[in-house]
Amino acid sequence: MTLEEGRRVRLATDLRLTGAVTRADGSATAAEAEAGTGEAAFAGFLALAAGLEGTVERVDTHERRQSDAAREYERLKSLLDGFGHQMPPESRSRLEEQIGALEPEWTAYQRERTRVTVRVRFDNGFVLDEAPEDVFTES
């Protein structure tokens, strides 16, 4: 499913968000100022229940960097496709073996090539940013 800005969505699963608290304006919290460390204070967790509805504010597509093995697969496959018919049988079979060994890495890269994240403003006012699109369904 590809989400679009302005679309209404529903949270498909319960989410538990944990981590540090930082203010949107970048200023220190009282605990940070008191500690003088400049590190964010631990906040515990926030739970969002499945079924919570909101509106998509932004959709970001992130391209995964191609690994060396996936790049080598692509290079060798191109070599085989372009010149395989001219190669001696031993060289061709060795090249096919190398390609076969790299195929799982190539398949994984193709499957996870792009990652889509969204920013959703829920009806209760919460904003969830950089969330994977697959945790939402259209409402």
Side-chain angles (χ1 to χ4, degrees):
M1 168 181 61
T2 302
L3 297 177
E4 298 173 6
E5 288 182 29
R7 273 245 159 93
R8 297 284 299 164
V9 291
R10 177 179 293 124
L11 195 57
T13 183
D14 291 345
L15 292 182
R16 180 179 172 157
L17 308 171
T18 62
V21 173
T22 55
R23 294 184 183 197
D25 64 4
S27 62
T29 63
E32 292 170 358
E34 218 173 90
T37 63
E39 295 179 9
F42 182 71
F45 73 93
L46 171 67
L48 298 176
L52 193 59
E53 294 188 356
T55 304
V56 176
E57 289 188 339
R58 187 178 68 233
V59 178
D60 296 315
T61 303
H62 310 275
E63 293 290 326
R64 179 178 171 211
R65 188 177 164 277
Q66 193 176 32
S67 69
D68 292 339
R71 196 172 14 266
E72 182 67 1
Y73 173 90
E74 199 170 30
R75 186 184 74 78
L76 294 176
K77 184 74 170 138
S78 176
L79 181 65
L80 180 64
D81 292 346
F83 300 102
H85 65 284
Q86 299 173 1
M87 292 180 164
E90 302 83 31
S91 297
R92 181 182 171 93
S93 65
R94 189 171 48 243
L95 184 59
E96 287 171 341
E97 287 174 16
Q98 289 176 317
I99 291 170
L102 294 169
E103 197 158 349
E105 181 75 24
W106 175 254
T107 303
Y109 170 71
Q110 288 293 97
R111 187 175 47 249
E112 300 167 6
R113 178 179 235 157
T114 58
R115 183 176 66 93
V116 177
T117 60
V118 295
R119 176 185 174 106
V120 174
R121 182 172 301 274
F122 292 108
D123 295 342
N124 65 4
F126 285 136
V127 175
L128 182 60
D129 200 2
E130 297 182 18
E133 75 170 343
D134 61 352
V135 299
F136 296 98
T137 59
E138 292 187 47
S139 55

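Here the structure is a predicted model, which is why all the values come from computation and not from measurement. One is the number of the first residue; the rest follow in order along the sequence.
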- prompt: How far does CG of Leu102 sit from CD of Glu74, to the nearest 0.5 angstrom?
  reply: 12.0 Å
Same apolar cluster (I L V M F W Y, side chains within < 4.5 Å links), Val120/Val127: no
message: Quick one, Leu48 and Phe122 - any side-chain contact, counting heavy atoms below 4.5 Å?
response: yes
query: In chain order, what residues pass the side-chain contact (heavy atoms from CB on, under 4.5 Å) check against Arg111, with sequence neighbours excluded?
result: Thr107, Ala108
- request: Would you check if Leu17 and Leu128 make a side-chain contact, meaning some heavy-atom pair closer than 4.5 Å?
  value: yes
- prompt: Restricting to pairs with a member in residues 123-132, which pass salt bridge (charged side-chain N to carboxylate O under 4.0 Å, His left out), not counting sequence neighbours?
  reply: Arg8-Asp123, Arg58-Asp129, Arg119-Asp129
query: Any chain of hydrophobic side-chain contacts (each under 4.5 Å) joining Leu46 to Val135?
result: yes
With a 3.5 Å cut-off and sequence neighbours excluded, list the donor-acceptor pairs that the side chains of residues 93-100 form with protein atoms.
{"residue": "Ser93", "atom": "OG", "partner": "Pro89", "partner atom": "O", "Å": "3.3"}
{"residue": "Ser93", "atom": "OG", "partner": "Glu90", "partner atom": "O", "Å": "3.0"}
{"residue": "Glu96", "atom": "OE2", "partner": "Arg92", "partner atom": "NE", "Å": "3.3"}

- line: Sequence neighbours excluded, the answer for salt bridge (Lys or Arg N to Asp or Glu O under 4.0 Å) partners of Glu72 is Arg75
task: Measure the CG-CD distance between Leu3 and Glu138 for me, rounded to the nearest 0.5 Å.
output: 6.5 Å
field: Asp81 CG to Leu76 CG distance, which is reported to the nearest 0.5 Å
entry: 11.0 Å
message: Quick one, Phe136 with Val56, criterion side-chain contact (heavy atoms from CB on, under 4.5 Å). Give me CA distance, side-chain angles, the key distance, then yes/no.
response: CA-CA 10 Å; Phe136 296 98; Val56 176; over 6 Å; no
Salt bridge (charged side-chain N to carboxylate O under 4.0 Å, His left out) contacts touching residues 9-19 (sequence neighbours left out): Arg10-Glu53
- request: Indicate the atoms forming the closest heavy-atom contact of Ala49 with Leu11, along with that distance.
  value: O-CD2, 3.5 Å
query: Which pairs count as ring pair (Phe, Tyr, Trp, His ring centres under 6.0 Å) when at least one residue sits in residues 87-117, sequence neighbours excluded?
result: Tyr73-Trp106, Trp106-Tyr109
message: Using every non-hydrogen atom in the two residues, find where Glu105 and Ala70 come nearest and quote the distance to one decimal.
response: CG-N, 3.8 Å
- prompt: Can you check side-chain contact (heavy atoms from CB on, under 4.5 Å) on Val9 and Glu133, steps first, answer last?
  reply: CA-CA 10 Å; Val9 291; Glu133 75 170 343; over 6 Å; no
